[in-house]
Engineer: 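Right, I'll just put the structure down here and ask away after.
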Protein chains: 2
Amino acid sequence: MATCIVPVPADSPFSIHNLPYGVFRPSASAAPRPGIAIGDHVLDLSAIATAGLFNGPLLSSSCCFSETTLNSFMAMGRPAWKEARATVQQLLSGEVPTLQDNSDLKKRALIPMNEVKMEVPAAIGDYTDFFCSEHHTKNCSKIFRGEFALPPNWLHLPVAYHGRASSVVVSGTDITRPMGQSFPPTPDGKTPPYFGPSRRLDYELEMAFFVGPGCELGDRVTIENAYDHIFGLVLMNDWSARDIQFWEAQPLGPFLGKSFGTSISPWIVTLEALEPFKCDAPKQDPPCLPYLTEPFRFTFDIPLEVAIKPVGDEKKSVTCRTNFKYLYWTMAQQLTHHTINGCNLRTGDLLASGTISGPDRDSLACLLEQTSNGQEEFTLEHGGVRKYLEDGDEVIFSGCCKGDGFTVGFGTCSGFVERFARLLLV
Amino acid sequence: MATCIVPVPADSPFSIHNLPYGVFRPSASAAPRPGIAIGDHVLDLSAIATAGLFNGPLLSSSCCFSETTLNSFMAMGRPAWKEARATVQQLLSGEVPTLQDNSDLKKRALIPMNEVKMEVPAAIGDYTDFFCSEHHTKNCSKIFRGEFALPPNWLHLPVAYHGRASSVVVSGTDITRPMGQSFPPTPDGKTPPYFGPSRRLDYELEMAFFVGPGCELGDRVTIENAYDHIFGLVLMNDWSARDIQFWEAQPLGPFLGKSFGTSISPWIVTLEALEPFKCDAPKQDPPCLPYLTEPFRFTFDIPLEVAIKPVGDEKKSVTCRTNFKYLYWTMAQQLTHHTINGCNLRTGDLLASGTISGPDRDSLACLLEQTSNGQEEFTLEHGGVRKYLEDGDEVIFSGCCKGDGFTVGFGTCSGFVERFARLLLV
Ligand SMILES: [Ca+2]
Ligand SMILES: [Ca+2]
Ligand SMILES: [Mg+2]
Ligand SMILES: [Mg+2]
Ligand code: NI
């Protein structure tokens, strides 16, 4: 299976072992459609489906690849996902020659990646942001309350809040520095709050997963079945305006300090592709409640990286190296906890991990932690310092699993910080 | 305009002055479609549209009333809303005899309300819950922190959090007492949390509005234009499991304590219908920032009521009488603030007011306030006491504006508390 009818560069995150799903337009005016990344190309799944090459029992009669989002495919569940993966691996390896031998179809169905425009891959009904890193939680506590502590609930449940679904955007979308209120310059109770463009714009390196089959209101997903509801993962930047966030968040949590934009990488890497990278999850002490106790607890070893590329600079400076495996609460625990009260999940819902900080100085996954909320400067490896993000900074997340002779990568999740401009008044 | 070709009982909330929009099924197996409530009947707008009776310039070529939600109609904006209202008022008053004289169409298009099944009227992209009552905020502060105080941000911005859109249900849907974690019985840091059905289930009387035309990411709705983006209002019960909520909410706000269900009344009362009930909004001191300062500040005088009907009881006991006009922050301020950071709004988004408590003991709009978080008992007028809701309680909200000889009402928003049952495991 190492061979592929499409050339795959050695450093490509999109080998035949990966086969991540996305939604793309072949040109700006064309309709969005599902695709799979392979090397420097995108395989147009609508073309493959129209040509009748999805001939397995579950997909041969399905229209899921003729739609403009992946929702219908995601709703079909793991048997259909496995069937699609097997079919595409056979076609791309040449094991089944139907695609290889059809030069016309090959030309139509394999589009250079640099020609396509990527879209948000699913209609996202609700987006939830968790807070699963023990290191991130303790570091935030230290910064704001002076001690490395966890809230009393933290070891018993994966803390989370509802995020804004409308402003989830795909990697490459510019992020405009948001306008808003923050703490008054003089805390006398009379001076009005600061009002203007955020002065503490930050990134948060996270990963997020898409819900496949959902559950009805009143249902509850057991921990044993949780992974059957998880389609795959993306990188996520939960852009955060710290000044807006901290002023507004009492007593009901983050709101406008987050909702101006949340970027995700365009390619959803499936659990099937991540299977070789399973590893132990952190031991939980105290033991969690039975409904969150996993019969076989595991997570995934996904090395992650943040880089900042200031405007005009040739090189990007890596600012963080961390790993998905540091998270204290697993995806299964997040999903199961989300439904313990009977809350329904819908196909396409996005559940994010929270900032993935690790144990080291190197693995702090937001500038809030890296600069103690702007009290210290962070030195970029190729010159310059940052307290928070500056206009023109490009923030680039990447994640890549290296197997024995093969790679399963996420590509990048990036965004430019645009100078605040007077917003269009409507 | 007071005459109507359909008999309207004197006490009906749905006079010809009202004409609220909803989505209904004429029978359980029929497709959902838009309708207008008139007396004890529902006017099927899909039938009126198919018959060509929407003959104005904006609606004659639109398919908006053939859809299963009101989103397309809501997206068209106020000129289309005014046109639809004028057409329906002419048809129902007999001023235009097309409907009156067509007995076949009348029979098809006017369906007894007790035969239809109501649905959530719009596809809700995101649901936001504000915290706009000064009395509610101060009472909560008193209960939890011992003093009637406002957070430092409260007089400067309408505090809000993102809610769960998937579990917004229509009035009449049973609410199952949710399962979840709450504070450990012994706060020694070692005893595990309580786990089981919520023991502090509460209602919150709120109102919510639907967004008509939205705005793009990066746009900002000015305070002058805010009402152009507001289609109409419903009653809302933000069911709250206080024990789950208070345990989980540190530091990121409410999550599972709210997301098990949020009920809305089925009929959206438009701003056109509420026009006669405009009144002054509370004076704001200190003055708010310019972006929130309204050129003509007003709100609406909407008397509201909560009643509890215990299972088996004949009578309902009124537990709260309050008014929408008590809210410190107006709908225009809520919507404008929501977009100040460039956050996009989509047609069908739901923005709720927060618990509408007033200044009196009578006007406390949730049991948390009425019983000081279960420390006192609340006596029902027809017998019995409550600390929090009991299984079998029906909670019924109503709201009705009385004009000079006419009524514009919201009908009811109700729900039964179902005993916790082992949830279906999926
Ligand atoms: Ca986050
Ligand atoms: Ca509420
Ligand atoms: Mg975000
Ligand atoms: Mg709710
Ligand atoms: Ni291979």
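Values below: all heavy atoms of this structure, side chains included; hydrogens, waters and symmetry mates excluded. Chain A is the first sequence line, chain B the second, and so forth, proteins listed ahead of strands; every chain is numbered from 1.
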Engineer: Go through B:Pro192, B:Pro152, B:Gly180 and name the one with the most non-hydrogen pairs under 4.5 angstrom from chain A.
Structural biologist: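 Going by pairs under 4.5 Å, I would pick B:Pro152.
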Engineer: How are the rings of B:Phe131 and B:His136 set relative to one another: parallel (under 30°), tilted (30 to 60°) or perpendicular (over 60°)?
Structural biologist: perpendicular
Engineer: Heavy-atom cut-off 4.5 Å, strictly under: side chain, backbone, both or neither for A:Thr128 against chain B?
Structural biologist: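 Answer is side chain: those atoms of A:Thr128 sit under 4.5 Å from chain B.
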Engineer: Looking only at the aromatic ring of each residue, does the gap between the centers of B:Trp154 and B:Tyr328 stay below 6.0 angstrom?
Structural biologist: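 Yes - the distance between ring centres of B:Tyr328 and B:Trp154 falls below the 6.0 Å cut-off.
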Engineer: Between the side chains of B:His162 and A:Ser259, does any donor sit under 3.5 Å from an acceptor?
Structural biologist: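 No, A:Ser259 and B:His162 have no side-chain donor paired with an acceptor closer than 3.5 Å.
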Engineer: Got a second to check how far B:Gln333's CD is from B:Leu157's CG, nearest 0.5 Å?
Structural biologist: 10.5 Å
Engineer: Stepwise, does the side-chain hydrogen bond (donor to acceptor under 3.5 Å, both in side chains) test hold for B:Asp243 with B:Ser198?
Structural biologist: CA-CA 7 Å; B:Asp243 45 356; B:Ser198 168; 2.8 Å; yes
Engineer: May I ask you to name which of B:His337, B:Gln181, B:Lys190 has the most heavy-atom pairs under 4.5 Å with chain A?
Structural biologist: B:Gln181
Engineer: At a heavy-atom separation under 4.5 Å, does B:Tyr291 approach chain A through its side chain, its backbone, both, or neither?
Structural biologist: side chain
Engineer: Examine whether an atom of A:Asp349 lies under 4.5 Å from a heavy atom of chain B, and if so say whether it belongs to the side chain, the backbone or both; otherwise answer neither.
Structural biologist: side chain
Engineer: For A:Ile223, is it the side chain, the backbone, both, or neither that has a heavy atom closer than 4.5 Å to a heavy atom of chain B?
Structural biologist: neither
Engineer: Quick check on A:Ile244 against chain B: is it the side chain, the backbone, both or neither that has a heavy atom closer than 4.5 Å?
Structural biologist: neither
Engineer: With a 4.5 angstrom heavy-atom cut-off, could you sort out which part of B:Leu345 is near chain A: side chain, backbone, both or neither?
Structural biologist: both
Engineer: Taking A:Ser166, A:Gly253, A:Ala123 one by one, which has the highest count of heavy-atom pairs under 4.5 Å against chain B?
Structural biologist: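 Of A:Ser166, A:Gly253, A:Ala123, A:Ser166 has the most heavy-atom pairs under 4.5 Å with chain B.
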Engineer: If you tally heavy-atom pairs under 4.5 Å against chain B, which of A:Ser141, A:Pro286, A:Pro254, A:Pro287 wins?
Structural biologist: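 Greatest number of close heavy-atom pairs with chain B: A:Pro254.
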Engineer: Relative to the ring of A:His338, is the ring of A:Phe130 parallel (under 30°), tilted (30 to 60°) or perpendicular (over 60°)?
Structural biologist: perpendicular
Engineer: Is it the side chain or the backbone of B:Leu289 that comes within 4.5 Å of chain A heavy atoms, both, or neither?
Structural biologist: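 For B:Leu289, the contact with chain A is made by the side chain alone.
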Engineer: Would you mind checking which part of B:Pro151 comes under 4.5 Å of any heavy atom in chain A, side chain (CB onward), backbone (N, CA, C, O), both or neither?
Structural biologist: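 Side chain of B:Pro151 only, per the 4.5 Å heavy-atom cut-off to chain A.
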Engineer: Taking all atoms of both residues into account, what is the closest heavy-atom pair of A:Pro197 and A:Met179, and its distance?
Structural biologist: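 Closest heavy-atom pair between A:Pro197 and A:Met179: N-SD, 3.7 Å.
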Engineer: Name the region of B:Leu150, side chain, backbone, both or neither, that has any atom closer than 4.5 Å to a heavy atom of chain A.
Structural biologist: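 Answer is neither: B:Leu150 stays 4.5 Å or more from chain A.
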Engineer: Could you look at A:Leu217 and say if it's the side chain, the backbone, both or neither that has a heavy atom under 4.5 Å from chain B?
Structural biologist: side chain
Engineer: Which of the residues A:Gly163, A:Pro178, A:Gly125 is involved in the greatest number of heavy-atom pairs with chain B at under 4.5 angstrom?
Structural biologist: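 Between A:Gly163, A:Pro178, A:Gly125, the count favours A:Gly163.
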Engineer: Between chain A and each of B:Ser167, B:Cys140, B:Cys288, count heavy-atom pairs under 4.5 Å; write down the option with the most.
Structural biologist: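 With the most close heavy-atom pairs to chain A, the winner is B:Ser167.
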Engineer: Minimum heavy-atom separation for B:Thr262 and B:Trp239, please, with both atom names.
Structural biologist: CA-CD1, 4.2 Å
Engineer: Do A:Tyr161 and A:Asp129 meet the criterion of a side-chain donor-acceptor pair at a distance under 3.5 Å?
Structural biologist: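 Short answer, yes.
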Engineer: Nearest 0.5 Å please: distance from the CG atom of B:Asp219 over to the OG1 atom of B:Thr339.
Structural biologist: 8.5 Å
